[in-house]
Number of protein chains: 2
Amino acid sequence: MSLPEADAAVVDGVLAALADPTRRRLLDLLSGHGQATASTLAQHVPVSRQAVVKHLVVLDDAGLVEATKVGREVRYTVRPDSLDATARWMTALAADWDRRLARIRRFAEASEISGTDTP
Amino acid sequence: MSLPEADAAVVDGVLAALADPTRRRLLDLLSGHGQATASTLAQHVPVSRQAVVKHLVVLDDAGLVEATKVGREVRYTVRPDSLDATARWMTALAADWDRRLARIRRFAEASEISGTDTP
DNA sequence: TCGATGTGCAACTATGAAGTTGCAACCAAG
DNA sequence: CTTGGTTGCAACTTCATAGTTGCACATCGA
């Protein structure tokens with residue numbers, strides 16, 4: 001109803017991307033440095049450069065980072081748009097749950113009976 | 001840093017839990033029905049009851065659902081608190097990225113050095 | 001041109017998670 | 001007590017993904 005369904009794919013990708021601690025760390029490093037290459041990031045994370053690259057591909061597919069080729073190196077930057085969309089989605093979802101729970105609670109108090117549906 | 005670090009474990013659990021589409025579907029069903037058992041949920045989802053139970057355990061560990069034993073059945077309910085906390089965390093993170101990007105952009109414009117696109 | 005540094009691609013391993021099946025235990029109603 | 005429905009536990013399979021290594025390709029500087 002009031003939940004935005006248009007960016008379901010975006011939300012899906014962002015949630016999957018944020019589920020990994022290493023990727024969250026990379027995003028943290030990126031937001032702190034403004035720009036960084038995969039090689040530079042690999043120095044601040046206990047995995048290899050190729051592992052970092054794979055993570056950056058996932059983050060790029062989720063729209064969370066942007067790759068810019070500068071000479072022979074690839075600079076990565078954080079992109080807040082899809083994160084912001086997912087944050088809004090989650091906030092709306094939490095509000096929706098609260099609404100439903102409030103309604104159910106009110107209904108339960110009024111009708112005194114607890115059997116909601118399944119007999 | 002304005003980012004709340006106290007609920008890092010909560011955020012971690014919620015993100016991991018929400019990463020799975022089946023778990024999101026279960027949460028959707030639960031928020032719609034108010035209450036449901038694992039057997040009931042399994043009828044609305046293309047997986048077995050035991051798979052649903054495992055998902056519910058994950059959701060319970062993440063603080064997203066609550067289990068209540070009623071007679072011989074276990075009723076599950078949605079719990080918005082940790083979802084709300086995660087939503088706030090994500091909103092703060094998006095705002096933080098925006099802040100940093102704005103600062104970097106302002107700095108780049110002021111110092112005139114970085115040829116962003118036109119060489 | 002030559003070397004050094006950085007990136008891209010491919011093959012491979014392995015650990016964890018999602019899902020299944022089977023069976024035991026439990027509880028309510030006949 | 002027995003029977004039907006419900007949950008709980010355990011072993012097992014399967015598959016995605018995080019990680020590795022090795023090498024080829026590009027690019028900058030001397």
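In what follows, every heavy atom counts, from backbone to side chain, and hydrogens, waters and symmetry copies are set aside.
With the nearest nucleotide of DNA chain D identified for both A/Ser48 and A/Val70, A/Ser48 has the one nearer the 5' end. When each of A/Lys69 and B/Lys69 is assigned the nucleotide of DNA chain D with its nearest heavy atom, B/Lys69 is the one assigned upstream, toward the 5' end. Nearer to the 5' terminus of DNA chain C, by closest-nucleotide assignment, is the contact made by B/Gln50 (compared with the other of B/Gln50 and B/Gly71).
Partners of A/Asp84 according to the salt bridge (charged side-chain N to carboxylate O under 4.0 Å, His left out) rule, which considers only residues two or more places apart in sequence or in another chain, are A/Arg88. In this structure, the side-chain hydrogen bond (donor to acceptor under 3.5 Å, both in side chains) partners of A/Thr40, at least two apart in sequence or on a different chain, are A/Thr37. In this structure B/Ala42 satisfies the side-chain contact (heavy atoms from CB on, under 4.5 Å) test together with B/Arg49, B/Val52, sequence neighbours excluded. Listed by chain and residue number, B/Arg24 satisfy the salt bridge (charged side-chain N to carboxylate O under 4.0 Å, His left out) test with A/Asp12 (two or more places apart in sequence, or in another chain).
For A/Lys54, taking side-chain heavy atoms from C-beta onward, the closest of the listed nucleotides C/dA10, C/dG19, C/dA11 is C/dA11. Comparing D/dG19, C/dG19, C/dG22 by their nearest atom to the side chain of A/Val47 picks out D/dG19.
Taken to the nearest 0.5 Å, the CZ atom of A/Arg75 stands 5.0 Å off from the CD atom of A/Gln35. To the nearest 0.5 Å, the span separating CZ on B/Arg106 from CD1 on B/Ile104 amounts to 11.0 Å. The CG atom of B/Leu18 sits 6.5 Å away from the CG atom of B/Leu83 when rounded to the nearest 0.5 Å. Between A/Ser31 atom OG and A/Arg79 atom CZ the span is 15.5 Å, to the nearest 0.5 Å.
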Enumerate donor-acceptor pairs with a distance under 3.5 Å from any side-chain N or O in residues 54-68 of chain B to protein atoms, sequence neighbours excluded.
residue	atom	partner	partner atom	Å
B/His55	ND1	B/Arg23	NH1	3.2

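Residue pairs that meet the ring pair (Phe, Tyr, Trp, His ring centres under 6.0 Å) test with at least one member in residues 10-44 of chain A, sequence neighbours left out, are A/His33-A/His44. For the salt bridge (charged side-chain N to carboxylate O under 4.0 Å, His left out) condition, no pair includes a residue of residues 30-43 of chain B, sequence neighbours left out. Sequence neighbours left out, the pairs with a member in residues 26-40 of chain A that pass salt bridge (charged side-chain N to carboxylate O under 4.0 Å, His left out) are A/Arg25-A/Asp28.
Shown for residues 17-29 of chain B: residues whose heavy atoms fall under 4.0 angstrom of DNA chain C, namely B/Asp20, B/Thr22, B/Arg23.
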Write out a two-atom table: protein N or O, nucleotide N or O from nucleotides 2-6 of chain C, distance below 3.5 Å.
residue	atom	partner	partner atom	Å
C/dT5	O2	A/Arg72	NH1	2.8

Review item, nucleotides 14-16 of chain C N/O atoms under 3.5 Å of protein N/O:
none

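C/dG19 atom P lies 14 Å from atom CG of B/Leu41, rounded to whole Å.
Within the structure, a side-chain polar atom (N or O) of B/His55 is placed less than 4.0 Å from OP1 or OP2 of C/dG19.
Both key distances under 3.5 Å define a Watson-Crick or G-U pair, and stretches of 3 or more such consecutive pairs in DNA chain D run C:1-25 with D:6-30, C:28-30 with D:1-3.
Under the 4.5 Å side-chain criterion, counting only non-hydrogen atoms from C-beta, A/Thr86 is in contact with A/Leu15.
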